[in-house]
There are 2 protein chains.
Amino acid sequence: MATEHDKYIKPSVAVDIVVFTIMENELKVLLIKRGQQPFAGMWSLPGGFIHIDESPEDAALRELEEETGVKDVYLEQLYTFGRPNRDPRGRVISIAYYALVDSSKIKPHVTGAEKIENVQWVDVSDLPKLAFDHEDIVGYALKRLRYKMEYTAVGLELLPDLFTLTDLQRVYEIILSEKLDKRNFRKKVLSMGVVEPAKIYKKGPHRPAMLYRFKKSKPASTFKRIKFEG
Amino acid sequence: MATEHDKYIKPSVAVDIVVFTIMENELKVLLIKRGQQPFAGMWSLPGGFIHIDESPEDAALRELEEETGVKDVYLEQLYTFGRPNRDPRGRVISIAYYALVDSSKIKPHVTGAEKIENVQWVDVSDLPKLAFDHEDIVGYALKRLRYKMEYTAVGLELLPDLFTLTDLQRVYEIILSEKLDKRNFRKKVLSMGVVEPAKIYKKGPHRPAMLYRFKKSKPASTFKRIKFEG
DNA sequence: TTTCTTAGTGTAATTAATACACTACTACTA
DNA sequence: TAGTAGTAGTGTATTAATTACACTAAGAAA
């Protein structure tokens, strides 16, 4: 039977992922150097075409694991980019995701086909020119991440299982590019009830800090909004 | 030249639109009765397949105009639904949008192929069972609309060019399903600077009310958040 | 035991949100 | 033409949330 959707020339459907992590006190994005045309030699976002039997989320997770070796990530759909000429090869619609990964979980050398020199974590404030419309996608992801930081505890996703409140504050300060008041920050985070003390102390050269963990029971989105950027 | 994306069986890509309007003091959604299998005879969201040379936004606007006769709408991408078996005909990925239209702009009889009895505005609180995963899509759209109402002036999109502040308050009350304080509501809306008085009064049997218009200069998103629903 | 460095804590001032009730204006009708 | 019905329009006091701000505590190292 000829079905309705067979009448149309079909676009290809891909996923692209903006993977954020915090390394060296900077917010970084994962980039891949393209090996083929178009845009051969240029940096681009990790991603690829959706397999016919997998959901877009699964495709994003698969690509992500192939390219970073990371499995447990926070992944959120961002936006679907579908301008007809965004890909010179033909019609490609891309479902963009962003992911947050704890840098301590990233495997030191990359699995899969990509060579190490073709994979790189780059400062968001120092991005090279990117292939396709990937600069737009990164911009969009950054906006969404910052926005979400203002009123949720999504920043927890960038930290290891145990962390100090100072670590968490640093994550917020790096992403929002602004200094936060220590007492007010702690007051807010603790009043949200999204973290709980692990009753273990971090060892080190100075005063030991209480380690906290993410309280799984609470949804991560109970932050009270601070302000709104238009 | 064989390109990378030719290797994959391609899914079909569609758009579905949740069109909201306010009629009879209720928030309504536009539904279309399906004429063919699958789900023949069931109600569904307006939508259709993307043409190969149009952006998803254009496809959504085209479908919308075909089915409601409305051109000037507020349209926002919602989410892309791509579960492998969401459509029994085969792999169909749907980019969902929601739209807000002023009910006074809706043409009384529908243009295009749809028969009038197959098109209907339904109360969001009284939806029938819908085809495909369209109930999920409506639920998602409602959540997003209510959320956005809390901190932006998006409700303006449901009103004609000139409206009273009481009209605007009614829109917010209907969508949020809660009564708002008149003085506080007016204070907030006016302090946002998103509307300006038209210096014309609405005529009627009672005290004439000042008509306002949407101030185009300001972005619609300057509302201060009231509260957060998790 | 002193110094260095980070951890941890409370209160007062300011700002934003809420609760709340009366007068003003017009059309209609008696 | 005075009264009534019905919507428009306005301000202030209370409460809650956010912000600003500075010292003591603990351990490691010299």
Side-chain angles (χ1 to χ4, degrees), chain A residues 25 147 149-153 159-160 162-174 176-213 221-230, chain B residues 25 147 149-153 159-160 162-174 176-213 221-230:
Chain A
N25 282 335
Y147 178 81
M149 294 283 286
E150 299 272 359
Y151 64 99
T152 75
L159 290 172
L162 294 178
F163 52 86
T164 68
L165 293 184
T166 301
D167 293 338
L168 185 58
Q169 182 176 345
R170 191 176 306 115
V171 169
Y172 276 79
E173 288 179 338
I174 289 168
L176 300 176
S177 311
E178 86 190 273
K179 204 154 164 37
L180 303 174
D181 179 83
K182 178 155 69 159
R183 277 175 293 191
N184 294 338
F185 181 83
R186 295 164 98 92
K187 212 187 301 175
K188 172 164 257 176
V189 167
L190 292 175
S191 76
M192 283 175 61
V194 289
V195 298
E196 59 187 9
K199 295 176 182 166
I200 308 168
Y201 288 85
K202 183 186 186 176
K203 292 210 168 161
H206 306 299
R207 176 173 173 176
M210 175 65 80
L211 289 166
Y212 286 79
R213 69 167 68 87
S221 44
T222 325
F223 233 24
K224 183 68 190 279
R225 198 89 206 296
I226 301 165
K227 63 188 170 187
F228 186 76
E229 47 105 15
Chain B
N25 282 333
Y147 179 80
M149 293 284 284
E150 299 271 0
Y151 65 99
T152 75
L159 290 172
L162 295 177
F163 52 85
T164 68
L165 294 184
T166 303
D167 293 338
L168 185 58
Q169 184 176 341
R170 191 175 307 116
V171 168
Y172 276 78
E173 289 180 338
I174 289 168
L176 300 176
S177 312
E178 86 188 274
K179 205 158 163 30
L180 303 173
D181 179 84
K182 179 155 70 157
R183 278 175 292 195
N184 293 339
F185 181 81
R186 294 163 99 91
K187 213 185 303 174
K188 172 163 257 177
V189 167
L190 293 174
S191 76
M192 283 176 61
V194 288
V195 297
E196 59 188 4
K199 295 176 184 166
I200 308 169
Y201 288 85
K202 182 186 188 176
K203 292 210 168 158
H206 307 299
R207 174 171 176 178
M210 175 65 82
L211 288 166
Y212 287 79
R213 69 166 68 88
S221 44
T222 324
F223 233 26
K224 184 69 190 279
R225 200 88 207 296
I226 301 166
K227 61 187 171 187
F228 186 77
E229 47 101 19

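Below, chain A is the first sequence line, B the second, and so on; all start at residue 1. Note that these values count all heavy atoms, side chains included, but never hydrogens, waters or copies made by symmetry.
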Report the distance from atom [atom1] of [X] to atom [atom2] of [N], rounded to the nearest whole Å.
X      : N      : atom1 : atom2 : value
B:K202 : C:dC25 : NZ    : P     : 19 Å
B:Y201 : C:dC25 : OH    : P     : 10 Å
B:N184 : D:dG9  : CG    : P     : 16 Å
A:Y151 : D:dA17 : OH    : P     : 20 Å
B:M210 : D:dG9  : CE    : P     : 7 Å
A:L211 : C:dG8  : CG    : P     : 9 Å
A:K179 : D:dC21 : NZ    : C1'   : 13 Å
A:E178 : D:dA20 : CD    : C1'   : 15 Å

What is the pairing partner of C:dA30, taking Watson-Crick or G-U wobble pairs with both distances under 3.5 Å in any strand?
D:dT1

Answer with base, sugar-phosphate or nothing: what part of the nucleic acid does A:P208 contact at a heavy-atom distance below 4.0 Å?
sugar-phosphate

With heavy atoms under 4.0 Å as the rule, sort A:K187 into base, sugar-phosphate or nothing.
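Result for A:K187 = base.
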
Side chain to side chain contact (heavy atoms under 4.5 Å, CB included) with A:L159: which of A:V195, A:D167, A:T164?
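Filter result, single survivor: A:D167.
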
If you take all heavy atoms of [X] and [Y], which pair is closest and at what distance?
X      : Y      : answer
A:R213 : A:P197 : NH1-O, 4.4 Å
B:Y172 : B:T152 : OH-O, 2.9 Å
B:M149 : B:L176 : CB-CD2, 4.0 Å

Between A:T166 and C:dA7, is there a side-chain N or O to OP1/OP2 distance below 4.0 Å?
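A:T166 to C:dA7 OP1/OP2: side-chain N or O found under 4.0 Å.
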
C:dG8 phosphate, OP1 or OP2, under 4.0 Å from A:R186 side-chain N/O
yes

Given C:dC4, C:dC20, D:dG6, which nucleotide is nearest the side-chain atoms of A:H206?
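Given the options C:dC4, C:dC20, D:dG6, the side chain of A:H206 is closest to C:dC4.
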
Which nucleotide, D:dG9, D:dC21, C:dT6, lies nearest any side-chain atom of A:R207?
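Comparing D:dG9, D:dC21, C:dT6 against the side chain of A:R207, the answer is C:dT6.
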
Nearest-nucleotide wise, let me know which of A:A209 and A:D181 is further upstream toward the 5' end of DNA chain C.
A:A209

Below 3.5 Å, does any donor atom in the side chain of B:K182 face an acceptor in the base of D:dG9, or the other way round?
yes

Tell me, do B:Y201 and B:M210 make a side-chain contact under 4.5 Å, heavy atoms counted?
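They are in contact (side-chain heavy atoms under 4.5 Å apart), so the answer is yes.
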
